[in-house]
Amino acid sequence: MNDKRQPIAAANWKMNGRWEDVEAFAQSLGTITTNGEVIFAPPQVYLSAAEVGDTVKLAAQTGSEHVDGAFTGECAMPMLAEVGCRYVIVGHSERRALFAENDEVVFAKTEQAFAAGLTPILCIGETDEENQQGQTEAVLTRQLALAVERLSVEQKQQIVIAYEPVWAIGTGRTPSIEDIENIHQKIRSLFSQNDDTISASVRILYGGSVKPDNAEAIFACPNVDGGLVGGASLTIDSFEKIIKALA
Ligand code: PGA
């Protein structure tokens, strides 16, 4: 971690939990003290059930690339902002793999998020196969390309990137601490293209099997600005330990 950037612990509940779980978790989160920023992404339907108070920020797990219209089941970014979201996750690997979201769609969502006043949490990461074939850097470069080309300097300073190797999500496997730091450093330099104001500001989270027992070592990497946490965010005890590892 780096003193200049406020670190983040973000809980991505995916399609888990029910109303009372969301309510209870949100209430407990609000009582945890930390110098970091705490973000909670409950299932969309419970966004307004999560009364997160001032200290915790609400995130949507996805949002539409369209603003209005005949898109049954979708939520537009301005709708998410209206129910209290400050952040929106875009390009999560589950959305890419299961809902066919390609880089163009992910970038359109990124733009719509900014237009609605939300901060996108842009997820990138290689699959196991791509990793085995030594394609990690090429994949990350491709996934970042549109954002690098088309976002403004201010947007690049504001966006949050989450590096989530697909093979580490929900598997209990993680890259070595050394690999995590090296890849994050690479992403920071790829994304900022020698603009120091961007590289000093953009926050890059690690995601994929972050747990209470590995969070401290991962967050200690100078180029890691916190974590995007799935499974280990589902209970308050375990997520609290991860939040405390930000310090
Ligand atoms: P995990 O999920 O922590 O359960 O590996 C992370 C994510 O998908 O964001």
Side-chain angles (χ1 to χ4, degrees), residues 1-14 32 34-39 41 59 87 89 91-94 96 121-144 159-193 196 198-247:
M1 258 169 324
N2 175 298
D3 292 347
K4 294 189 214 87
R5 296 183 292 272
Q6 189 185 24
I8 292 175
N12 172 14
W13 270 27
K14 311 189 181 185
I32 297 171
T34 170
N35 291 327
E37 192 174 347
V38 177
I39 299 176
Y87 288 90
I89 300 172
H92 190 281
S93 64
E94 286 149 21
R96 291 178 191 261
I121 301 175
L122 170 63
C123 300
I124 57 172
E126 81 287 1
T127 63
D128 206 2
E129 196 185 355
E130 289 161 344
N131 184 279
Q132 301 291 327
Q133 293 172 350
Q135 290 173 355
T136 299
E137 198 178 321
V139 170
L140 301 179
T141 305
R142 192 201 72 223
Q143 290 175 331
L144 285 173
I159 199 170
V160 175
I161 295 173
Y163 170 60
E164 301 204 303
V166 180
W167 51 274
I169 295 177
T171 59
R173 291 168 62 206
T174 61
S176 68
I177 297 297
E178 196 187 352
D179 284 349
I180 291 176
E181 170 56 16
N182 288 341
I183 297 173
H184 278 245
Q185 192 180 25
K186 189 88 224 164
I187 293 168
R188 192 173 297 285
S189 93
L190 269 173
F191 186 70
S192 48
Q193 302 274 305
D196 294 343
I198 298 168
S199 72
S201 311
V202 62
R203 288 178 293 176
I204 308 177
L205 312 183
Y206 170 79
S209 297
V210 175
K211 307 280 178 212
D213 62 1
N214 62 17
E216 205 174 313
I218 293 172
F219 298 165
C221 296
N223 280 289
V224 174
D225 302 304
L228 177 55
V229 188
S233 74
L234 290 172
T235 61
I236 192 72
D237 286 354
S238 136
F239 191 54
E240 180 169 8
K241 290 190 182 106
I242 292 170
I243 294 170
K244 295 293 182 190
L246 292 174

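Residues take their numbers from the sequence shown, with the count starting at 1.
- Side-chain contact check for E130 versus V166: every heavy-atom pair is 4.5 Å or farther apart.
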>> side chain to side chain contact (heavy atoms under 4.5 Å, CB included) for E164 and L228? Distances and angles first, verdict last.
In response: CA-CA 8 Å; E164 301 204 303; L228 177 55; 3.4 Å; yes
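- Looking at N223 and I204, their side chains never come closer than 4.5 Å, going by heavy atoms from C-beta outward.
- Taking SG from C123 and CG from L205, the interatomic distance works out to 8.5 Å, rounded to the nearest 0.5 Å.
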Show me, pair by pair, the donor-acceptor contacts under 3.5 angstrom made by side chains of residues 234-247, not counting sequence neighbours?
{"residue": "S238", "atom": "OG", "partner": "A232", "partner atom": "O", "Å": "2.4"}
{"residue": "K244", "atom": "NZ", "partner": "T33", "partner atom": "O", "Å": "2.8"}

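- Two residues are said to be in side-chain contact when any heavy atoms from C-beta on lie closer than 4.5 Å; R173 and D128 meet this criterion.
- In terms of modelled atom types and a separation under 3.5 Å, the side chain of S199 and the main chain of S189 share no donor-acceptor contact.
- Within the 4.5 Å cutoff, the side chain of K186 has no heavy atoms near those of the Y163 side chain.
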> Should N214 and T174 be marked as a side chain to side chain contact (heavy atoms under 4.5 Å, CB included) after you check the CA-CA gap, both sets of side-chain angles, and the distance that decides it?
Replying inline: CA-CA 9 Å; N214 62 17; T174 61; 3.9 Å; yes
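- Between R203 and I121, the closest side-chain pair of non-hydrogen atoms is not below 4.5 Å.
- With rounding to the nearest 0.5 Å, the separation of CD in E126 from CH2 in W167 is 6.5 Å.
- Between the side chain of Y206 and the main chain of G208, a donor-acceptor pair closer than 3.5 Å is present.
- Contact of the I169 side chain with the E94 side chain is registered, since non-hydrogen atoms from C-beta on lie closer than 4.5 Å.
- Going from atom CD1 of I180 over to atom CD1 of I177 covers 4.5 Å, rounded to the nearest 0.5 Å.
- Checking side-chain atoms of E216 against main-chain N and O of D213 turns up no donor-acceptor pair under 3.5 Å.
- When every heavy atom of V229 is checked against every heavy atom of S233, the shortest pair comes out as O-OG, 3.2 Å.
- In this structure, CG on D179 lies 8.5 Å from CG on N131, to the nearest 0.5 angstrom.
- Note that the CD atom of E137 and the CD1 atom of I183 stand 9.5 Å from one another [nearest 0.5 Å].
- Tested against D225, the residues Q6, H184, R5 include a single side-chain hydrogen bond (donor to acceptor under 3.5 Å, both in side chains) partner, R5.
- For the atom pair I124 CD1 and L144 CG, the distance stands at 4.0 Å (nearest 0.5 Å).
- Here the closest non-hydrogen pair linking S209 and G172 is OG-N, 2.7 Å.
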